[in-house]
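Every chain is numbered from 1, with letters handed out A, B, ... down the list of sequences.
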There are 2 protein chains.
Amino acid sequence: MTPPDTTPPDRTRRNRADEPPSQPAFVEHDHHACSGRALEHAERMVREAGLRLTPVRRRTLEILLEEHRALGAYDVLARLAEDGFGNQPPVAYRALDYLVEKGLAHRIRRLNAFAACMAPGHEGAPVFLICGECGCVAELPAEDIAGRLAAAAGGVGFSVERLSIEAKGTCPSCRDNAGGRTCP
Amino acid sequence: MTPPDTTPPDRTRRNRADEPPSQPAFVEHDHHACSGRALEHAERMVREAGLRLTPVRRRTLEILLEEHRALGAYDVLARLAEDGFGNQPPVAYRALDYLVEKGLAHRIRRLNAFAACMAPGHEGAPVFLICGECGCVAELPAEDIAGRLAAAAGGVGFSVERLSIEAKGTCPSCRDNAGGRTCP
DNA sequence: ATCCGTAATATGATATTATTACATATTCGA
DNA sequence: TCGAATATGTAATAATATCATATTACGGAT
């Protein structure tokens, strides 16, 4: 089920002084910098928020960060096993759940899969844009929409605790070269 | 309108259908009228939109309509089997998928479950409010939010095809008699 | 009416995702 | 350093979902 195992092409470096906050998966970007930023954020949490980034968890995060794509728990598990970690489902689920709980990863329910958080720092539920063609997943901050929703729910007496907003569709790369090859 | 009465081998006994009793989605209402309305809408679609509401599909819809809760595919399957329909997973999945495709039911991804559509006529993605206590599911029209989202996605070149918005939280009934037993 | 193509169904098998239970090891703090 | 809490490993199993194939029902054209 895992797509071909090519590591994503390392796109052209670009001016690193201007640190774009975070690019959607489908716009060309320096992914190395992009995943590095996420990792840095995790490190910072280790120092400042008592996060316990154990080896399995760290490796799990790294695996998720390799691509802008959601990985199934069993895909992650296989990768972990390759690296010498346990190869029973709870190994992956525990690490993934921990990362999700700490906001370092997200669970994409529509895909029964997990993706690294690409907008660290943004609290609140993001919107996930899932491309049906290439499978890439982008994360869009959506504080305003979440707020609106909570308000609408409150209007009928419902109090929201967790929110998930997932859109399936077509990413610009796939729309442009329709029929052609898939995205990076 | 109950189909044949053969008693099929019941190899699927699961436990989701047999917990909290049925109850309206937080506001008290005449559920008979409420589900009747949904059924009427389906009938209208049969006449006007060439919907093919075969016995399995119809029965599936009726089962979903019994409560304001989401049922797992296997719960539905067990009920169908009781009524003499096949008891293999595809039987339930096919019927459910069809209903979802036609907008008569929804798939609640957070719960891996299905619920009847309670706002027939409202096209576009609703918001689902899922009570973590009693398991009831309410449907809130959200055309505006969906529009906003599509716009935001369009801003980064992504075109939305399907959208799911699900909120987990606490419904008013459960909040009020907090600690007490679950919704009536 | 009868034939034909399509859609729908039944069924058995299989694949994928997720949890429970329990034993062992590691880390943290008093 | 001990004990408690937290992490990890492993086995077994549950719950969810799809595949592959054969058969049957249905509608339209001859």
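The CG-C1' distance, from Leu71(A) to dT16(C), rounds to 15 Å in whole Å. Note: CD1 (Ile108(A)) to P (dT17(C)) measures 14 Å, nearest angstrom. For the pair Leu99(B) CG and dA8(C) C1', the computed distance is 14 Å after rounding to whole Å. The CG-C1' distance, from Leu51(B) to dA7(C), rounds to 14 Å in whole Å. Taking atom CG of residue Leu111(B) and atom C1' of nucleotide dA15(D), one finds them 14 Å apart after rounding to whole Å. Across the protein-nucleic acid pair, Leu96(B) atom CG and dT9(C) atom P stand 12 Å apart, rounded to whole Å. If you take CG of Asp97(B) and P of dC19(D), they are 11 Å apart, rounded to a whole angstrom. Between Asp75(A) atom CG and dA15(C) atom C1' the separation is 13 Å, expressed in whole Å.
At most 12 non-hydrogen atoms from other residues, nucleotides or ligands lie less than 6.0 angstrom from CZ of Arg148(A).
Tested against Val91(A), the residues Thr60(A), Leu96(A), Leu77(A), Val76(A) include a single side chain to side chain contact (heavy atoms under 4.5 Å, CB included) partner, Leu77(A).
Side chain of His31(A) to backbone of Leu65(A): a donor-acceptor contact under 3.5 angstrom is found.
Between Pro126(A) and Pro141(A) the shortest side-chain heavy-atom distance does not fall below 4.5 Å. Between Arg162(B) and Arg110(A), the closest side-chain pair of non-hydrogen atoms falls below 4.5 Å. Counting heavy atoms from C-beta outward, Phe128(A) and His106(A) have side chains that approach closer than 4.5 Å.
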Scan nucleotides 4-6 of chain D against the protein and return all N/O pairs shorter than 3.5 Å with their distances rounded to 0.1 Å.
| from | atom 1 | to | atom 2 | distance (Å) |
| --- | --- | --- | --- | --- |
| dT6(D) | O3' | Arg52(A) | NH1 | 3.2 |

Which atom pairs link the protein and nucleotides 9-12 of chain D when you take only N or O atoms and keep those under 3.5 Å?
| from | atom 1 | to | atom 2 | distance (Å) |
| --- | --- | --- | --- | --- |
| dG9(D) | N7 | Arg94(A) | NH2 | 2.6 |
| dG9(D) | O6 | Arg94(A) | NH1 | 3.2 |
| dA11(D) | N7 | Gln88(A) | OE1 | 3.3 |

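Contact annotation: Thr54(B) reaches the phosphate of dT9(C) (side-chain N/O to OP1 or OP2, under 4.0 Å). For Asn112(A), a side-chain nitrogen or oxygen approaches OP1 or OP2 of dA18(C) to under 4.0 Å.
Note that CG of Leu51(B) is 5.0 Å distant from CE of Met45(B), once rounded to the nearest 0.5 Å. The structure places CG of Asp83(A) at 9.0 Å from CD of Glu62(A), a figure rounded to the nearest 0.5 Å.
Summary of the strand contacts: Pro55(A) and Ala73(B) both lie near DNA chain D, and taking for each the nucleotide with the nearest heavy atom, the more 5' one is attributed to Pro55(A).
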| For Glu161(B) and Thr170(A), what are the C-alpha separation, side-chain angles and deciding distance, and is it a side-chain hydrogen bond (donor to acceptor under 3.5 Å, both in side chains)? | CA-CA 8 Å; Glu161(B) 282 150 24; Thr170(A) 312; 2.8 Å; yes

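At the heavy-atom level, Arg107(B) lies under 4.0 Å from the strands shown only through sugar-phosphate atoms.
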